[in-house]
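What follows is a short report on a single structure.
No experiment lies behind these values; they were computed from the predicted model shown. For the single chain, residues carry numbers from 1 onward in sequence order.
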Amino acid sequence: MAEMSWAAGTQCVAKGDHRKPKSGELAYHKGDILTIVDTSTKKGCYVVKHNSTGEEGLINSANVREREALRVDPNLSLMPWFHGKISGPDAVCKLQPAEDGLFLVRESIRHPGDYVLCVSVSGKVVHYRVIYKDNKLTIDNTQYFYNLIDMIEFFSKNKGSIATTLLKPKQKQGTKSAEVELSKTGWLLDISNLTLGENIGEGEFGAVYEGEYMGQRVAVKTIKCDVTAQAFLQETTVMTKLQHKNLVRLLGVILHKGLHIVTELMTKGNLVNFLRTRGRSVVNSVQLLRFALDVCEGMGYLESKKLVHRDLAARNVLVADDSVAKVSDFGLTKLDLKEPDNVKLPIKWTAPEALKKEKFSTKSDVWSYGVLLWEIFSYGRQPYPKMSLKEVKERVEGGYRMEAPEDCPPGVYSLMRICWKQEPRRRPTFHKLREKLEQETGDLSLDTGSECREGIWSGSGC
Ligand code: ADP
């Protein structure tokens, strides 16, 4: 198993009970979720904070274990109280037996696009129309919300203009509350421990901010739209399974006005921008090979777990402070089941069989890896320069392959070419690619006499 980094902010799980703590120690029960506050106070011990009680104290490091991964489950829902298009009388039936504060949300049948919040109070069910106006939701034209999650969060804490605070969700049959599952497994983080900083990126679905979570520098992806947030739950679930030095690590999620995905901060941004902004005069080919090797190792780990990334490209590789490259963006990552799917595909990176027959596999990731190698050795150029997507599709199918980037070591170009074999089974595994890259790195280091990672910058004296 990959080594666990027990940094401050890491969530862990108590292995057993500790009911009679000595002075300075923490009391806990088996399965309690604890947050590491400090790892340096006493040898073999951590200072931890109890996630439920908020108490802090010492714990022996042998008495905690890693969090469990979440199981991929289509019934896992950020909005288990959302019942879709059901009628008012149906909602009343579902809210029986009456209990003050029991609630659900349904889609309005009479006013398509609007919602209805149904709440049980004093033995009756009150229906509040939720109006969708200017991209926001409101019940009373005074309080506005980004989405339903935001609205339910507000009325769970404040009565506002409704008859009672929302106390208990009436869960839709078959759904599982994501909040409960995330919390039970230790992946739910507490917003009060987070300090948000500057905006550092724009994703397709939301902004990325840098921040600090209990002393650790983090990146926070915020997703405000509730439908998108639900889709991102998949990415998050996959990330709970992954622990590798070359995969961007998930610290946990925060549910507040939507979904916030908290990961380790990769201070040097994405690999395309990294290479474009520095260029040949700053980054030498040994460092390029190290990036290639880093990604290959991360992908080898995914391969060993039978996970297919489906969107491997330099824009989805991020660079850490120490210039280690890590694969990110597991939004499309799926188990290697080769099932069809209807998503927009990144044509220039996708293998022919995946484009034509939606046959995704580790071997289609290997094809994308070949394109990524091309991006690395061309210092972040757009692949298939000057060709339209239609042209790329047709010509690649007909056997066309990109030429080697300028000054690309021949050994690296031949790796690209074997990644682009038409027949998936003739492409190498990531395991094999790694061996070949290591050989290449050895040869190049001997040529240039370069050894250390931090010595990649010209004039750095390495
Ligand atoms: P997309 O939605 O396009 O896949 P992301 O939302 O994952 O992209 O990220 C958008 C940008 O935000 C990235 O290109 C990168 O520059 C920045 N970014 C994302 N995650 C991190 C991180 N963990 N550390 C530093 N920067 C990040």
Side-chain angles (χ1 to χ4, degrees), residues 33 51-54 73-184 188-192 222-230 233 253-260:
I33 309 293
N51 280 21
S52 311
T53 64
D73 181 347
N75 296 324
L76 207 58
S77 173
L78 287 169
M79 308 189 291
W81 32 259
F82 184 66
H83 288 244
K85 239 179 207 151
I86 60 165
S87 68
D90 267 358
V92 174
C93 279
K94 289 193 191 294
L95 293 173
Q96 305 305 323
E99 194 180 324
D100 275 3
L102 186 67
F103 72 96
L104 62 81
V105 177
R106 61 187 171 90
E107 276 178 61
S108 170
I109 294 174
R110 253 185 300 161
H111 306 278
D114 289 351
Y115 299 101
V116 184
L117 169 64
C118 308
V119 195
S120 177
V121 60
S122 311
K124 282 194 311 215
V125 173
V126 190
H127 303 256
Y128 297 97
R129 182 170 162 204
V130 184
I131 300 166
Y132 184 71
K133 204 166 126 186
D134 302 332
N135 269 328
K136 289 205 174 126
L137 300 171
T138 184
I139 285 183
D140 53 13
N141 282 314
T142 53
Q143 199 78 38
Y144 289 87
F145 305 98
Y146 293 116
N147 54 46
L148 289 173
I149 299 174
D150 186 15
M151 183 184 87
I152 296 304
E153 191 179 329
F154 178 84
F155 288 118
S156 300
K157 291 186 193 128
N158 316 277
K159 193 156 94 51
S161 50
I162 67 172
T164 165
T165 48
L166 307 177
L167 297 175
K168 190 172 163 191
K170 174 68 199 180
Q171 236 166 275
K172 185 177 175 199
Q173 212 181 2
T175 59
K176 252 192 204 160
S177 160
E179 186 169 7
V180 171
E181 295 303 310
L182 286 162
S183 163
K184 262 201 312 210
L188 196 65
L189 305 181
D190 183 354
I191 187 138
S192 64
T222 56
I223 297 140
K224 284 199 175 136
C225 164
D226 35 24
V227 178
T228 316
Q230 178 64 38
L233 206 55
V253 302
I254 293 173
L255 300 178
H256 176 63
K257 299 184 176 177
L259 178 68
H260 302 258

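Side chain of Ser183 to main chain of Leu188: no donor-acceptor pair is present (N/O by atom type, distance under 3.5 Å, no hydrogens or angles). Checked by atom type and distance alone, the side chain of Glu99 never pairs as donor or acceptor with a backbone atom of Ser120 at under 3.5 Å. Using a distance-only test at 3.5 Å, with no hydrogens or angles considered, a donor-acceptor pair links the side chain of Asp114 to the main chain of Tyr132. For His83 (side chain) and Lys170 (main-chain N/O), a donor-acceptor pair under 3.5 Å exists by modelled atom type.
Pairing each heavy atom of Ser161 with each of Asp140, the nearest pair is OG-OD2, 2.6 Å. Shortest non-hydrogen contact noted between Thr165 and Asn158 is CG2-C, 3.5 Å. The two residues Lys172 and Thr175 come nearest to each other via the heavy atoms O-OG1, 2.7 Å. Across every non-hydrogen atom of Thr138 and Gln143, the tightest pair is OG1-O, 2.9 Å. Here the closest heavy-atom approach between residue Ile33 and residue Lys184 is recorded as CD1-O, 3.5 Å. When all heavy atoms are compared, the tightest approach of Lys176 to Asp73 is NZ-OD2, 3.3 Å.
Note: Phe82 and Tyr115 have perpendicular aromatic rings, judged against thresholds of 30 and 60 degrees for the angle between ring planes.
Here CG of Leu148 is found 6.0 Å from CE of Met79. Values are rounded to the nearest 0.5 Å. If you take CD1 on Ile162 and CG on Leu117, they are separated by 5.5 Å, rounding to the nearest 0.5 Å. How far CD1 of Ile254 is from CG of Leu182: 11.5 Å, rounded to the nearest 0.5 Å. The structure places OG of Ser156 at 9.5 Å from CE of Met151, a figure rounded to the nearest 0.5 Å. The CG atom of Leu233 sits 5.0 Å away from the CG atom of Leu76 when rounded to the nearest 0.5 Å. The structure places CG of Leu189 at 14.0 Å from NE2 of His256, a figure rounded to the nearest 0.5 Å.
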If you look only at distance, which donor and acceptor atoms sit under 3.5 Å apart when one is on a side chain in residues 121-128 and the other is two or more places apart or in another chain?
from, atom 1, to, atom 2, distance (Å)
His127, ND1, Arg106, NH2, 3.2
Tyr128, OH, Ala163, N, 2.9

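Counting only heavy atoms from C-beta outward, the side chains of Phe103 and Cys118 never approach each other to under 4.5 Å. Residues Ile152 and Val105 have side chains in contact (heavy-atom distance under 4.5 Å, counting atoms from C-beta outward). Residues Ile139 and Phe155 have side chains in contact (heavy-atom distance under 4.5 Å, counting atoms from C-beta outward). Residues Asp190 and Asn51 form no side-chain contact, since every pair of their non-hydrogen atoms from C-beta on lies 4.5 Å or further apart. Taking 4.5 Å as the limit, every side-chain heavy atom of Ile149 sits out of range of all side-chain heavy atoms of Leu255.
By the 6.0 Å contact criterion, CG on Asn141 is enclosed, its count of non-hydrogen atoms from other residues, nucleotides or ligands being greater than 12. Heavy atoms from other residues, nucleotides or ligands lying under 6.0 Å from CD of Glu153 number more than 12.
Contacts of Lys133 classified as salt bridge (Lys or Arg N to Asp or Glu O under 4.0 Å), with partners at least two apart in sequence or in another chain: none.
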